[in-house]
Amino acid sequence: MRVLFLGLDNAGKTTILKKLNNENISDISPTLGFNIKTLIRDGYTLNIWDVGGQRTLRPYWRNYFESTDAVVWVVDSSDRMRMEDCQNELKGLLKEERLAGATLLIFANKQDLEGSMTLEEIRDALDLKSIVSHRWIVHPCSAYTGKGLDDGMNWLVKEVAGRLYWNGLQSAETTQNDNTLHESPEVEVITP
């Protein structure tokens with residue numbers, strides 16, 4: 001599976017990837033190009049492209065779209081000032097033909113920080129209800145503590161496998177985490 005990690009700068013994309021790979025996260029600098037990681041999940045190989053999110057690098061994102069099965073959009077839940085910028089970049093991304101049908105996992109990162117936005121606030125700030133072209137989920141996490149990362153990635157793998165592989169894991173049977181906001185194009189489910 002080819003997975004693209006995108007989001008604004010300082011959202012925590014690289015930290016999430018390092019944490020998922022059990023690497024040291026004490027000294028991380030801004031990504032000025034891209035990082036490539038390979039993870040094995042549920043018997044599937046994930047080739048993950050982590051691309052820098054600085055404004056000057058965003059026009060180059062399109063160079064990484066080919067054959068993408070899933071997009072992980074990382075949001076800094078504590079950065080209320082840049083939510084409009086975050087929404088605009090995500091909307092532009094989802095209009096790209098080469099990303100049509102790609103599964104969308106939105107990691108609401110930095111949930112461990114006081115005053116971070118709720119999942120519903122993030123959903124509304126990013127106008128996610130208007131997205132009908134992609135299956136998506138907003139999943140809470142903390143790249144620093146690692147909380148929520150495995151659950152989010154497990155959902156992603158099951159969703160992509162169910163869509164791409166005939167004998168893949170059944171995406172319709174995924175269980176919901178009690179703090180996950182999940183949407184399909186037709187139905188909203190917020191679990192208690």
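Computed over heavy atoms, backbone and side chain alike; hydrogens, waters and symmetry mates excluded. Predicted model, so just to flag it, every value in this text is computed and none were measured.
- Within the 4.5 Å cutoff, side-chain heavy atoms of L32 are placed close to those of Q54.
- With rounding to the nearest 0.5 Å, the separation of CG in D124 from NZ in K129 is 6.5 Å.
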Working for side chain to side chain contact (heavy atoms under 4.5 Å, CB included), residues E159 and W136: CA-CA 9 Å; E159 186 66 32; W136 59 268; over 6 Å; no
Worked check of side chain to side chain contact (heavy atoms under 4.5 Å, CB included) between N47 and I36: CA-CA 7 Å; N47 294 312; I36 302 172; 5.6 Å; no
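- With contacts defined as side-chain heavy-atom distances shorter than 4.5 Å, the pair L46/V157 qualifies.
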From CA spacing to verdict: side chain to side chain contact (heavy atoms under 4.5 Å, CB included), D85, R55: CA-CA 10 Å; D85 192 18; R55 186 175 299 279; 3.1 Å; yes
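- In terms of heavy atoms, C86 sits closest to V75 at SG-CG2, 4.0 Å.
- One finds a salt bridge joining R41 and D150 here, because a Lys/Arg side-chain nitrogen approaches an Asp/Glu carboxylate oxygen to under 4.0 Å.
- Grouping the Ile, Leu, Val, Met, Phe, Trp and Tyr side chains by contacts below 4.5 angstrom, directly or via other members, places L94 with F65.
- Judged by distance alone, the side chain of K19 and the main-chain N or O of Y144 form a donor-acceptor pair under 3.5 Å.
- Residues L57 and G33 approach most closely at CD1-N, 4.3 Å, considering heavy atoms.
- Here the closest non-hydrogen pair linking M153 and F5 is SD-CZ, 4.2 Å.
- A chain of hydrophobic side-chain contacts below 4.5 Å, direct or via other Ile, Leu, Val, Met, Phe, Trp or Tyr residues, connects L156 to L20.
- In this structure a side-chain-to-backbone donor-acceptor pair under 3.5 Å is present from N24 to S26.
- Closest non-hydrogen pair, N21 versus E23, comes out as ND2-OE2, 2.7 Å.
- Salt bridge R80/E121: present, at least one basic N to carboxylate O contact under 4.0 Å.
- Residues satisfying the side chain to side chain donor-acceptor pair (under 3.5 Å) test with T14, not counting sequence neighbours, are T31, D50.
- Looking at heavy atoms from C-beta onward, N35 lies out of side-chain contact with L17 at the 4.5 angstrom threshold.
- Contact annotation: the side chain of H134 never approaches that of L93 to less than 4.5 Å [non-hydrogen atoms, C-beta and beyond].
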Less than 3.5 Å apart, which donor and acceptor atoms pair up between the side chains of residues 99-113 and the rest of the protein, not counting sequence neighbours?
| from | atom 1 | to | atom 2 | distance (Å) |
| --- | --- | --- | --- | --- |
| T103 | OG1 | R163 | NE | 3.4 |
| T103 | OG1 | R163 | NH2 | 3.0 |
| N109 | OD1 | A143 | N | 2.8 |
| N109 | ND2 | A11 | O | 2.7 |
| K110 | NZ | N10 | O | 2.8 |
| K110 | NZ | D76 | OD2 | 3.0 |
| Q111 | NE2 | S77 | OG | 2.8 |
| Q111 | NE2 | M117 | O | 3.0 |
| D112 | OD1 | S142 | OG | 3.1 |
| D112 | OD2 | S142 | OG | 3.3 |

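- The ring-ring contact (aromatic ring centres under 6.0 Å, His included) contacts involving residues 73-100 comprise W61-W73, where partners must be two or more places apart or lie in separate chains.
- Following chains of ILVMFWY side-chain contacts shorter than 4.5 Å, one cannot reach I25 starting from L149, and the two form parts of different hydrophobic clusters.
- Hydrophobic clustering, with ILVMFWY side chains joined whenever heavy atoms are under 4.5 angstrom apart, keeps L6 apart from Y60.
- Taken from CD1 in I48 to CE in M1, the straight-line distance is 11.0 Å, to the nearest 0.5 Å.
- To the nearest 0.5 angstrom, K13 atom NZ is 15.0 Å from F34 atom CZ.
- Hydrophobic clustering of Ile, Leu, Val, Met, Phe, Trp and Tyr side chains at less than 4.5 Å, counting indirect connections, keeps I28 apart from V74.
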Pair L90-L128, side chain to side chain contact (heavy atoms under 4.5 Å, CB included): steps then yes or no: CA-CA 10 Å; L90 179 60; L128 297 177; 3.8 Å; yes
Derivation of the salt bridge (charged side-chain N to carboxylate O under 4.0 Å, His left out) call for R58 and D9: CA-CA 10 Å; R58 295 176 203 165; D9 52 301; 3.4 Å; yes
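- Under the 3.5 Å distance criterion, the side-chain polar atoms of R62 are left unmatched by any main-chain donor or acceptor of R98.
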